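In this text, all values refer to a predicted model and were calculated from it rather than measured experimentally.
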Amino acid sequence: MSCYRAPVFSCASNRPMIPMPALLIIPSTRFYPNDLCIRDLGFFSLATLAEIDARGAYYITRLRSDIKVYIKQDGEWHEWDWESIGNRLGEGEAVEVEHVYIGHQRLYVPRLIFRRLTAEEWEKRLAYVRKKEKKKGKALSRQTLEQKKYHILLTNLPQESFDAQQVYELYSLRWQVELLFKGWKSLFDLDRVKKMKKERFECHLYGTLIAILVTQTLLFQARRYWHQREGIEISEWKALNILQSYWHRFLLHPQAMETAFHLSCLC
């Protein structure tokens, strides 16, 4: 789960402004007012969504395929017919449904955003699904496979502040967080710590965090340079791999590191 917190983000409405977050990863279920929690399917929990909302925070999450959606009309519950709606959508088209209830507990969710994948997106997802099926030795049911042609998000973000497209863009930040940690673990071995005394571990931890800060500063300036001077847009992951290949040169020539860091601060 990724939770974000930060200074105020201006919303296009007269409602109180909603903070647009500076990155903060919270390993436990501690939520504060105006947090934005972006949750993957692996962290899907109705109880947690209810807690986030009760604490005045916001969430964006994908809907798990085994969770049913209900709509209340004239005092009666009706299961949401996603198949009939999906059949009317073209590739890449989306529709938003307000005031839905999910699961046996009928948890209230202000907004459900339902989008049909493009042919290219579906081809990639299908390949991933088939790979998982082969690994588990179990095929998905027709209905579950059909539902995977769609991207379904649940959120309690106010519609007047964030439209459906902006909600999808916010949700995409989750993958950026995954890539960031993947890079840190690859370059700095964050997930590998030997048994040591507390004092030594603290030195190791703070040294690693300083190295990450320096690296991210250099990465940002390098990516901006390539984009502005060379017209090349390079991903942070690729830039990190390039930097890693030259890292030993910086270690052998501290003056080069000092010069690069000084220049990055001036940019």
Mind checking whether [X] and [Y] have side chains closer than 4.5 Å, heavy atoms only?
X    : Y    : answer
L112 : L153 : no
V167 : R111 : yes
V95  : L89  : yes
L145 : L126 : yes
R62  : I152 : no
W82  : K68  : no
L117 : K148 : no
D66  : T144 : no

statement: residues 161-170 vs salt bridge (Lys or Arg N to Asp or Glu O under 4.0 Å), sequence neighbours excluded, gives none

- request: Apply side-chain contact (heavy atoms from CB on, under 4.5 Å) to the pair K134 and K132, showing each step before the final yes or no.
  value: CA-CA 5 Å; K134 185 177 181 181; K132 289 189 67 175; over 6 Å; no

Let me confirm one number: the [atom1]-[atom2] distance from [X] to [Y], rounded to the nearest 0.5 Å.
X    : Y    : atom1 : atom2 : result
E91  : E93  : CD    : CD    : 9.5 Å
Q105 : L46  : CD    : CG    : 5.0 Å
M196 : C203 : CE    : SG    : 10.0 Å
L157 : Q166 : CG    : CD    : 9.5 Å
H104 : R106 : NE2   : CZ    : 8.0 Å

Ignoring hydrogens, what is the shortest heavy-atom contact between [X] and [Y]? Give both atom names and the distance.
X    : Y    : value
C37  : I52  : CB-CD1, 3.9 Å
S45  : R39  : CB-NH2, 4.3 Å
T61  : Y171 : CA-CE1, 4.3 Å
L170 : I38  : O-CD1, 3.1 Å

Judged by atom type as modelled, is there a donor-acceptor pair below 3.5 Å linking the side chain of [X] to the main-chain atoms of [Y]?
X    : Y    : value
E51  : T48  : no
E202 : E199 : no
R116 : K149 : no
D35  : F31  : no
E133 : A139 : no
N156 : A57  : yes
D53  : A50  : no

message: Tell me whether I85 shares a hydrophobic cluster with Y70, the cluster being built from Ile, Leu, Val, Met, Phe, Trp, Tyr side chains joined at under 4.5 Å.
response: no

task: Check the pair I60, L154 against side-chain contact (heavy atoms from CB on, under 4.5 Å), reporting the backbone distance first and the verdict last.
output: CA-CA 6 Å; I60 305 175; L154 305 172; over 6 Å; no

message: Could you check, using the six-membered ring where one of them is a Trp, whether W122 and Y150 have ring centers closer than 6.0 angstrom?
response: no

field: Plane angle bin for H151 and Y168 - parallel if under 30°, tilted between 30 and 60°, otherwise perpendicular
entry: tilted

task: May I ask you to decide if the ring planes of W77 and Y101 are parallel, tilted or perpendicular, using 30° and 60° as cut-offs?
output: perpendicular

Is a side-chain donor-acceptor pair under 3.5 Å present for [Y] with [X]?
X   : Y    : result
S84 : D81  : yes
H99 : Y108 : yes
E96 : Q159 : yes

message: The test is side-chain contact (heavy atoms from CB on, under 4.5 Å); show your working for R130 and K135 and say whether it passes.
response: CA-CA 9 Å; R130 295 304 187 197; K135 184 177 180 180; over 6 Å; no

Residues which pass salt bridge (Lys or Arg N to Asp or Glu O under 4.0 Å) with K124, listed by chain and number, not counting sequence neighbours: E120

task: Could you list the residues that satisfy side-chain contact (heavy atoms from CB on, under 4.5 Å) with I67, not counting sequence neighbours?
output: F44, L63, R64, I102

query: When you look at F201 and V193, which way does the side-chain contact (heavy atoms from CB on, under 4.5 Å) test go after all the steps?
result: CA-CA 8 Å; F201 172 74; V193 179; 3.9 Å; yes

